[in-house]
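Written below as structure tokens is the structure these notes are about.
Just so it is clear, the model here is predicted, and its values are computed rather than measured. Basis for what follows: all heavy atoms, side chains included, without hydrogens, waters or symmetry-related copies. Ligands are counted one by one from 1 in listed order, and the atoms in each one are counted from 1 as well.
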Amino acid sequence: MQGVGFRPFVYGLSKSFSLTGTVSNNEEGVIIFTTGPEESVQQFYDKLLLNPPPVSKIKNSAISQIDFIEFADFNIIPSNKNGQLNLPLTPDFAICDDCKKDIQDPENRRFNYPFTTCVNCGPRWAITNTFPFERNHTTMNDFPMCDACEKEYSNSADRRFHSQTNTCHTCGIGLVLMDNLRNTIPSTPQNIFKKIAKFLTEGKIMAIKNTGGYLLCCNAGNEAAIQKLRAKKNRPNKPFAILFPSMEFLRNDLKINEHHQKSLASAERPINIIPLENYKGKIALHAVAPGLNQLGVMLPYSGILQLLANELTFPIIATSGNIHGSPIISDNLEAFEKLQYVADYFVLHHLEITHPQDDSVVKYSAKFNQKVLFRRARGYAPNYFDARINSEEKVMAMGADLKSSIAFYPNQYLYVSQYLGNLQNFDVYNRFTSSVNAFTTIFEQLPEVVLVDKHPGYQSTQFGKELAQKNKSELVDIQHHKAHFSAILGEHQLFSEKVLGLVFDGTGYGDDGNIWGGEFFDYEHHKIERTNHIHYFDWLLGDKMAKEPRLSLLSLASDDMIHALSEKFTSSELKTYQSLKKTNLLKTSSVGRLFDAVASLLNITDYNTYEGEAAILLENRIAEYNLKSCRSYLSDPEKGISATEIIKNIFGDLQNKKPTEQIILNFLYTLASSIVELAKNKNYKHIAFSGGVFQNTTLVDLLIALAPKEIKLYFHKDLSPNDENVSFGQMMYYLNIIK
Ligand SMILES: [Zn+2]
Ligand SMILES: [Zn+2]
């Protein structure tokens, strides 16, 4: 990768071996020419591979001898691009400890400078126009270096030697504090964060332009401020992420384990979803995460957030700067237009952000610490490292619709974009199309093959069709859940095994025209076969069904459950919907809707205000579990999974006043145990899981607990189980199943 301090590192290493030569970037990576004793050159090479710079990743390397060239010295020479780009793109890196020290040291010339970076840290993808990663290919080009910065840049002993993002107070980027009527509030670099902290203390909502886009922030202990933010952002219940001032503060408030700690402090620095046990801190929990016993937390990852954190005596909400459903905003004018009535004050700067990204989100399962990515964005995108593809064709996959992403294979690397959002939103759609353009422009390649979902109504499908038509490329449509299954096969390179695949999610357009979402697949010898599915039930009222869990319950309820329903519907609604059930032809096998039905039946919720709310609330009712006390709601798993039977038996338990927590556990146990039984009966040694339902980490833990040693389980590693992985899955399906 470029922009990770590789050339300066090589330079330093060459000196320690007294070698002469050159190091440069080109379209394929880094090229080193060196002259010296064979043994020294070999040792230099070995050491470089063994101990590369901290944030770099070496994918391939080779060494060979050429005709003698005499060099006077060792030099870093400018990038030389002769062909199309063929190397991994560089993600954004969280501020490193050395830079953190610099901005906190009153003696340092970068004291309080929010855009402090070095070769080991700072924004990369967020500010990239094109590659190779040189300053003039990024938006940092608007800020020419001052003499002091130039001096660091050309000093081989400096940490900022050849740092393309090098700036300081003198030459760099200034922060401006404004009220929401665009009146500037006088501030200096030394007092601006004190002022922001004061506003936050007073309960004000701040829109802060960070290095990846705008964040909306308010005091996480101030319930009134949070409710105001909820109302203005049009986000009634969806939990907010919390920025803690420091690891020490966080550890005082919450119990975290070594996995959380490592992840929270990593260069990717994602939001971690942490269970709340006996929380005694001052966060207004029921306003931050209504009905949940977990909290999404993160630590400062940019100079801006670090300097703000230094002034804070309380955790703050830090959520993407947008109106519910729209993409994160990064443009100053747009921010004022759209957030003027949300935020009381704005903190802005003039570093242009070319690739705005949300924060990534990760959760570890409570018992077995299985990592589950909920959102893959800042820090992870836009690379995918372990694809092992060998294809001459240039392929682009357009992904799904609700949690869209793009995958592109233009050279020898695979790129998977950040989470882009729901394409039904016009602004998200625009960001999606501009991301496609960015990929084709950076790589100077157009796709020869375009992969789309089989769903004719997806915006991504429509756009993919147009793209294929325009470029005269081949268009291939791929069934949604087969793409999911291929994604998990691809992540673990399982293409030479026989694998049972479980794809459980909300909705996807099935080969038979029904709405799939509880699918059993068999994979062997490059063929995928759908062998089973959750027994079909009625799909009622289109998209409304996903928004109202009570409709899923209505669909699955037998006649004797009419009492349970009459509390949830008016009598005329009930009459209309029941007659609809009699004439309905569209069926579904969606496990997402089964979760909805269970949540509604247990009176947890009848309406989803955000995607997956019912399922999340359901899981959050469980504190701990004892496998021995669980029982299955299916009498004969051999007959497959009947959602109707599960609902009927839960209704029975409910009438017998069984505790809700045990009913939920039984329900999860039913799914997990039937899967494991099926695998045992059919002699599968490998089970692979994909789909949004496997964001349920209790279900994941139950599967791990129930599977016998001889059966191996596969969950997503570097991708989210939800629809974000569909673009990658389409790519894997095309390259491994179709071809
Ligand atoms: Zn640094
Ligand atoms: Zn400077």
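Residues Tyr415 and Phe443 place their aromatic rings such that the two centres sit under 6.0 Å apart.
Under the side-chain hydrogen bond (donor to acceptor under 3.5 Å, both in side chains) criterion, Gln445 pairs with Gln84, sequence neighbours left out.
Within a 6.0 Å radius of CG in Asn183, more than 12 heavy atoms belonging to other residues, nucleotides or ligands are found.
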Distance-only donor-acceptor pairs under 3.5 Å for side chains of residues 378-385, two or more places apart:
{"residue": "Arg378", "atom": "NE", "partner": "Asp359", "partner atom": "OD1", "Å": "3.0"}
{"residue": "Arg378", "atom": "NH1", "partner": "Glu268", "partner atom": "O", "Å": "2.9"}
{"residue": "Arg378", "atom": "NH2", "partner": "Arg269", "partner atom": "O", "Å": "2.9"}
{"residue": "Arg378", "atom": "NH2", "partner": "Asp359", "partner atom": "OD1", "Å": "3.1"}
{"residue": "Asn383", "atom": "OD1", "partner": "Leu89", "partner atom": "N", "Å": "2.9"}
{"residue": "Asn383", "atom": "ND2", "partner": "Leu89", "partner atom": "O", "Å": "2.4"}
{"residue": "Tyr384", "atom": "OH", "partner": "Glu491", "partner atom": "OE2", "Å": "2.7"}

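Inspection of the environment of the Zn ion (ligand 1) yields the following protein N, O or S atoms under 2.8 Å: Cys96 SG, Cys99 SG, Cys118 SG, Cys121 SG.
One finds a salt bridge joining Arg7 and Glu134 here, because a Lys/Arg side-chain nitrogen approaches an Asp/Glu carboxylate oxygen to under 4.0 Å. Between Arg110 and Glu152, at least one side-chain N (NZ, or NE/NH1/NH2) sits under 4.0 Å from a carboxylate O, which counts as a salt bridge.
Excluding waters, the count of protein N/O/S atoms less than 2.8 Å from the Zn ion (ligand 2) comes to 4.
Between Phe143 atom CZ and Thr138 atom OG1 the span is 10.0 Å, to the nearest 0.5 Å.
A side chain to side chain donor-acceptor pair (under 3.5 Å) with Asp92 is found for exactly one of His355, Arg124, Gln357, namely Gln357.
For Lys209 (side chain) and Leu351 (main-chain N/O), a donor-acceptor pair under 3.5 Å exists by modelled atom type.
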